[in-house]
Number of protein chains: 2
Amino acid sequence: MAADKREHILATAEKLFGDNGFDGTSVRDIAQHANVNLAMISYYFGSKEKMLEALLEHRANYTILEALNKDESLTPWEKVDRVVDFYVDKIMNNLCIHNIMMQGSNSRSEVIKELVTKIKLRNFEQIKKIIIDGQKKKIFRKVDIELTVGTVMGTISQTTLARNFYAALFNIEKDNEEAYRKKITPKLKSHLKQLLHAHLDINSEE
Amino acid sequence: MAADKREHILATAEKLFGDNGFDGTSVRDIAQHANVNLAMISYYFGSKEKMLEALLEHRANYTILEALNKDESLTPWEKVDRVVDFYVDKIMNNLCIHNIMMQGSNSRSEVIKELVTKIKLRNFEQIKKIIIDGQKKKIFRKVDIELTVGTVMGTISQTTLARNFYAALFNIEKDNEEAYRKKITPKLKSHLKQLLHAHLDINSEE
DNA sequence: TTGAATTAAACAAACGTTTAATTAATTATT
DNA sequence: AATAATTAATTAAACGTTTGTTTAATTCAA
């Protein structure tokens, strides 16, 4: 079936783009690793760049954050903790697509750049809502919301983009992705939660 | 003189690598923008990759952090603030080399990857010393030092790697690098200082 | 039998690098 | 100080690969 094959090509491309970057991955690499004919990529997607667009569109997923936001049974603190869990898990389990999005920000293609920005903006809006809600309820203090979100994203990104560095730091064998994930994920979650609690808590000292 | 020309080529390469990535920049691009003959790059550096190595070696600079650490007239809080100022200024004024280092982490060349890791490790050790010193003096509380440094680096990186996103967020015209720097730098400094104070202060609430 | 899927081969363009020839600058010799 | 010899710097052209994409022929399914 065609949809399966398309999906399989996208998954292969995701891995390779994530490991070697867009420019560092050739269409022949993808075709070979996916065991499809070279021409199939143009046939399915039109071009290499259109394939990246398709990949980004396909992986963008806002629904969970939006559902979280609508859940009125959760306190702002609980929501913050869940956002942390959600993002750490999401990025740690999708290292490739995350690397692609970070590299996509620097793409030469305006289409790609705008697509990545759009996805990020939409995710940002959801987190912003949570923080503002906490502030209205006099639980969170006044902070720079944009950069607070940047800190969460940046801290997680750091552990994936500079993986070599953190692997050296935590004495994890360099190419064992699974060991890295296992070790970093809980550390990252508790660090971010502690950080955000100290940062957002209205009762913190000045 | 030869040294000037070599330097000029490196500066040109830095800008282009920073903007378009290593794979996204051709040797011909560099030669053209630097107004030198194509063959000069092989002549001076041996190869494109060796040129990137030369660029990283050339720009790595640890001395300021080491001096800061040895200054015993400063309190740990003052040192933290200065580290923030130092890094924000450094990265904001060297967007290109910073982008290169982030991309270099994902390079296919082991030489480059290890070089970047080495530079980062050396910087990390200096910041780690400051935090441990503050903990010994019962001013800072127990935190995950590795990830705390990751948060500082990550937050700053975020504003440079995802510049398009933050430009959209802060309503800065997309391609005005100077306006972006002017607007983000002070925001970033005060956000990080507030964040670190709340995070590190031993008197913060649990 | 019609249209979609798949293939091997070819395309022109761009890539990093090397060559061989020429010019500029240094050094050595008279 | 002038000239010859030597080294360094610079160039245009070409090298062989690899790049993304297209073509035209063939196989497969409806």
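Order of the sequence lines sets the chain letters (A, B, ...), proteins ahead of strands, with each chain counted from 1. Note: hydrogens, waters and symmetry copies are ignored here, and every other heavy atom, side chains too, is used.
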### Query
Has the side chain of B:Q135 got a donor or acceptor atom that lies under 3.5 Å from a matching backbone atom of B:R141?
yes

### Query
Atom CD1 of B:I9 and atom P of C:dG16: how far apart are they, to the nearest Å?
15 Å

### Whole-Å gap separating P (C:dT7) and CD1 (A:I41)
12 Å

### Task
Can you tell me the distance, in whole Å, between the CE atom of A:M40 and the C1' atom of C:dA9?
16 Å

Nucleotide N/O of nucleotides 27-30 of chain D paired with protein N/O under 3.5 Å:
none

### Query
Given atom CG of A:N37 and atom C1' of D:dT22, what is their separation to the nearest angstrom?
12 Å

### Query
For A:K189 and A:D89, what are the C-alpha separation, side-chain angles and deciding distance, and is it a salt bridge (Lys or Arg N to Asp or Glu O under 4.0 Å)?
CA-CA 9 Å; A:K189 285 180 180 177; A:D89 284 331; 3.0 Å; yes

### Query
When you look at A:N176 and A:E173, which way does the side chain to side chain donor-acceptor pair (under 3.5 Å) test go after all the steps?
CA-CA 6 Å; A:N176 190 339; A:E173 30 178 338; 3.2 Å; yes

### Task
With heavy atoms under 4.0 Å as the rule, sort B:L38 into base, sugar-phosphate or nothing.
base

### Message
Taking only side-chain N and O atoms of B:Y44, does any of them lie within less than 4.0 angstrom of OP1 or OP2 on D:dA9?
### Response
no

### Message
Just N and O in the side chain of B:Y43: are any of them under 4.0 Å from OP1 or OP2 of D:dT10?
### Response
no

### Query
Mind checking what makes salt bridge (Lys or Arg N to Asp or Glu O under 4.0 Å) contact with A:K120, not counting sequence neighbours?
none

### Query
Between A:H33 and A:H8, does the ring centre distance come in under 6.0 Å?
no

### Task
Determine, stepwise, if the pair B:E7 / B:H58 fulfils side chain to side chain donor-acceptor pair (under 3.5 Å).
CA-CA 10 Å; B:E7 177 62 29; B:H58 186 261; 3.2 Å; yes

### Task
Would you please indicate yes or no on a ring centroid separation below 6.0 angstrom for B:H199 and A:H197?
no

### Message
Output the rounded distance in Å from CZ (A:F45) to C1' (D:dG20).
### Response
15 Å

### Message
Please check this pair: side chain of A:D29 against backbone of A:S26, looking for a donor-acceptor N/O pair closer than 3.5 Å.
### Response
yes

### Query
Where along residues 21-31 of chain A does a heavy atom fall under 4.0 Å from DNA chain D?
A:T25, A:S26, A:V27, A:R28

### Message
On the six-membered ring of B:F22, is B:K48 placed so that its NZ or CZ lies under 6.0 angstrom from the centre and within 45° of the ring axis?
### Response
yes

### Summary
Rounded to whole Å, NZ of B:K48 lies from C1' of C:dT18 at a distance of 17 Å

#### Entry: Nearest-Å distance for atom pair NZ/P, residues B:K5 and C:dA25
11 Å

### Query
Can you name the salt bridge (Lys or Arg N to Asp or Glu O under 4.0 Å) partners of A:E178, sequence neighbours left out?
A:R181, A:K182

### Query
Starting at NZ of B:K50 and ending at P of C:dG16, how long is that distance when rounded to a whole Å?
16 Å

## Note on the structure
Applied to residues 84-113 of chain A, the ring-ring contact (aromatic ring centres under 6.0 Å, His included) test, sequence neighbours excluded, yields none

#### Entry: Close residues, residues 51-59 of chain B, relative to DNA chain C [heavy-atom separation under 4.0 Å]
none

